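Below is one structure, written out as structure tokens; the observations come after it.
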There are 2 protein chains.
Amino acid sequence: MPTTSDWVQALGAERAALGRASTAGRVADVLRAHITEGRLLPGTRLSEEDLGTALGVSRNTLREAFRLLTHEGLLIHEFNRGVFVRRLSVDDVRDLYRFRRVLECGAIRQVRESGTAPRGLEAVRRAVEEGEAAARERRWVDVGSANMHFHQGLAALAGSPRIEQAMRHVLAELRLVFHVMAAPETFHEPYLADNRRILQLLEDGDFESAERSLAIYLDDAEAQLTSAYAGS
Amino acid sequence: MPTTSDWVQALGAERAALGRASTAGRVADVLRAHITEGRLLPGTRLSEEDLGTALGVSRNTLREAFRLLTHEGLLIHEFNRGVFVRRLSVDDVRDLYRFRRVLECGAIRQVRESGTAPRGLEAVRRAVEEGEAAARERRWVDVGSANMHFHQGLAALAGSPRIEQAMRHVLAELRLVFHVMAAPETFHEPYLADNRRILQLLEDGDFESAERSLAIYLDDAEAQLTSAYAGS
DNA sequence: ATTGACGGATTGTTCAACAATCCTCCATTC
DNA sequence: GAATGGAGGATTGTTGAACAATCCGTCAAT
């Protein structure tokens with residue numbers, strides 16, 4: 001007869017979903033979707049009164065939602081002026097990629113130096129296959145998502161919740177950037193081959209080559225994005 | 001005749017201090033000081049009503065301050081239960097040091113791979129000397145602060161505002177941990193020699209040795225802290 | 001010892017109001 | 001014509017009170 005403690009622990013994973021009952025949290029979800037999907041353009045000012053009446057929540061609750069998104073880097077809050085959809089500069093893009101290099105390469109390096117078999121490689125593999133499947137069916141938006149999952153999975157190899165969180169943060173900010181591309185839909189497609197190759201290197205245990213490939217990968221993507229920022 | 005634009009830009013640095021006029025921001029400052037100095041112990045519940053009346057601010061404003069500190073990792077917010085001073089587990093300590101390894105070693109690595117002379121080494125040198133001076137005069141609290149500045153300076157070598165921010169975040173959380181030490185005052189003192197040595201390696205341009213020394217340094221500090229957590 | 005119900009206390013959310021600040025427009029001045 | 005200065009309206013910052021929802025400890029019942 002199984003004791004309760006085994007599946008009680010399994011329920012713990014869903015607790016985060018339950019805690020999302022907060023009104024401010026749901027409002028933040030709605031706004032985040034609008035921003036990451038490019039419907040709310042960078043620089044747009046978010047009026048407390050207008051949005052509050054539109055969403056049917058009070059100003060105070062709305063401000064709490066603003067704070068959540070501000071922390072995620074999607075909004076910026078200027079005192080006595082209001083909140084705006086964040087507008088990222090070329091320097092920000094460079095900074096984000098510098099951060100990515102440190103986080104993702106650092107995660108791989110951490111795995112290498114620990115000497116143990118990497119935990120979480122299945123998630124990386126899943127992301128690679130998810131991206132390839134989406135590409136075959138020309139679901140470009142899903143290709144982009146899968147690519148995010150791939151890199152999120154790489155960062156997770158470090159086995160550090162805080163590194164994962166930082167990575168989520170970085171990727172959320174990068175979503176703001178992708179909309180400046182001429183064809184954001186197919187931006188990620190060429191990288192699928194790289195993803196597959198890096199996965200193979202990791203599974204072979206050749207972490208040094210994986211790290212080097214990843215660094216080149218990131219330099220490449222950064223260059224592509226910064227050149228798209230020529231005007232801005 | 002000098003144009004205005006030269007010192008107008010210099011004023012920009014102080015704008016952050018001016019913007020701190022927000023009531024919630026000041027409340028957060030007060031609470032942060034109490035927490036990092038160990039007057040508010042981990043696990044303590046912060047009642048909205050009590051604190052609100054004590055500090056003379058409304059509940060809504062106080063909740064805003066709570067959000068700020070929650071984002072810094074100093075408080076945790078449990079839905080419908082309230083906010084508590086964060087209590088860090090042994091796993092958290094390990095996680096924080098894993099993150100530090102990635103950030104600090106990554107910063108040095110970034111410098112090495114960029115090939116350019118590191119910008120910001122003066123700040124590191126200043127932190128080292130600040131610590132040695134404080135130790136001579138047995139100002140142990142200042143030794144601790146100087147040590148923080150040293151590592152903050154290392155992370156800043158990457159030249160990335162976001163990495164600096166992440167590092168600030170990590171160090172703020174670590175302050176919660178130092179209070180479990182039996183003698184938190186003298187905890188940092190033995191590391192002054194390491195700081196000096198790492199600085200020397202960096203100034204010599206031997207980034208590889210510096211990174212290795214730093215990694216050992218961090219492993220050592222982590223072991224010392226986790227063993228102090230034996231009971232908890 | 002476990003379960004269930006009750007009541008007090010705390011948090012979540014909303015609303016209305018006022019103070020402080022910012023933005024725009026316009027008149028003034030040189 | 002460009003810079004300065006001030007009135008006015010609009011928006012944000014902050015407060016206090018109120019009510020609903022939830023949690024916590026207690027006590028009775030099985």
Side-chain angles (χ1 to χ4, degrees), chain A residues 1-5 8 11-12 14-31 40 43-71 74-87, chain B residues 1-5 8 11-12 14-31 40 43-71 74-87:
Chain A
M1 188 170 178
T3 168
T4 57
S5 61
V8 162
L11 278 181
E14 302 190 42
R15 216 169 67 187
L18 287 181
R20 265 277 167 259
S22 145
T23 309
R26 281 184 319 234
V27 171
D29 289 340
V30 171
L31 292 178
L40 270 173
T44 308
R45 177 161 154 280
L46 272 53
S47 159
E48 292 187 355
E49 190 159 345
D50 294 354
L51 269 181
T53 59
L55 293 172
V57 298
S58 86
R59 274 181 59 208
N60 281 322
T61 305
L62 187 61
R63 283 158 73 78
E64 214 160 288
F66 283 167
R67 222 161 300 281
L68 289 174
L69 295 170
T70 300
H71 173 244
L74 295 182
L75 302 180
I76 62 173
H77 179 99
E78 300 187 12
F79 196 78
N80 273 325
R81 291 201 56 222
V83 299
F84 304 78
V85 179
R86 184 141 181 209
R87 191 196 309 248
Chain B
M1 187 173 180
T3 167
T4 55
S5 61
V8 161
L11 277 181
E14 302 190 43
R15 214 170 68 188
L18 287 180
R20 264 277 167 258
S22 148
T23 308
R26 280 186 319 241
V27 170
D29 290 340
V30 172
L31 291 178
L40 270 173
T44 308
R45 179 161 155 278
L46 273 55
S47 159
E48 295 187 354
E49 191 159 345
D50 295 354
L51 268 180
T53 59
L55 293 172
V57 298
S58 85
R59 272 181 61 207
N60 281 320
T61 305
L62 186 61
R63 282 157 74 72
E64 221 162 281
F66 283 166
R67 290 272 171 211
L68 291 174
L69 294 171
T70 300
H71 294 157
L74 295 183
L75 301 180
I76 63 171
H77 181 136
E78 300 187 13
F79 196 78
N80 273 324
R81 292 202 53 220
V83 300
F84 303 78
V85 179
R86 186 143 181 206
R87 190 197 308 249

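Because the structure is a prediction, the values reported are computed rather than measured. Numbered from 1 within each chain, the chains take letters A, B, ... in sequence-line order.
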Going from [atom1] on [X] to [atom2] on [Y], what distance comes out if it is rounded to the nearest 0.5 angstrom?
| X | Y | atom1 | atom2 | value |
| --- | --- | --- | --- | --- |
| A:Leu74 | A:Leu68 | CG | CG | 11.0 Å |
| A:His71 | A:Leu75 | NE2 | CG | 13.0 Å |
| A:His77 | A:Phe84 | NE2 | CZ | 10.0 Å |
| A:Leu51 | A:Leu46 | CG | CG | 5.0 Å |

Over how many whole Å does the gap from [X] atom [atom1] to [N] atom [atom2] extend?
| X | N | atom1 | atom2 | answer |
| --- | --- | --- | --- | --- |
| A:Arg26 | C:dG12 | CZ | P | 14 Å |
| B:Glu64 | D:dG13 | CD | P | 8 Å |
| A:Leu51 | D:dA10 | CG | P | 19 Å |
| B:Leu68 | D:dG13 | CG | C1' | 14 Å |
| A:Leu62 | C:dT14 | CG | P | 10 Å |

TODO: Spell out, as yes or no, whether a donor-acceptor pair under 3.5 Å connects the side chain of B:Thr70 to the backbone of B:Phe66.
DONE: yes
Task: Test item: A:Thr53 side-chain N/O and A:Glu49 main-chain N/O as donor-acceptor pair under 3.5 Å - done: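 Checking the backbone N and O of A:Glu49 against the side chain of A:Thr53, a donor-acceptor pair under 3.5 Å is found.
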TODO: Could you point out which residue of B:Glu64, B:Arg67, B:Arg63 forms a side-chain contact (heavy atoms from CB on, under 4.5 Å) with A:Arg63?
DONE: B:Glu64
Anything under 3.5 Å between a protein N or O and an N or O of nucleotides 8-11 of chain C, put it in a table, one pair a line.
{"unit_1": "C:dT10", "atom_1": "O3'", "unit_2": "B:Arg45", "atom_2": "NH2", "d": "2.4"}
{"unit_1": "C:dT11", "atom_1": "OP1", "unit_2": "B:Arg45", "atom_2": "NH2", "d": "2.9"}

TODO: Using five pairs at either end of the helix from C:dA1-D:dT30 to C:dC30-D:dG1, determine the angle between the two local helix axes and round it to 10 degrees.
DONE: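 So the angle between the two local helix axes works out to 30°.
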Open item on the list: At less than 4.0 Å, is any side-chain N or O atom of A:Ser58 found next to OP1 or OP2 of C:dC15? Yes or no.
Closed with: no
Task: With sequence neighbours excluded, residues passing side chain to side chain contact (heavy atoms under 4.5 Å, CB included) with A:Ser58 - done: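 Scan of A:Ser58 (side chain to side chain contact (heavy atoms under 4.5 Å, CB included), adjacent residues dropped) gives A:Asn60, A:Thr61.
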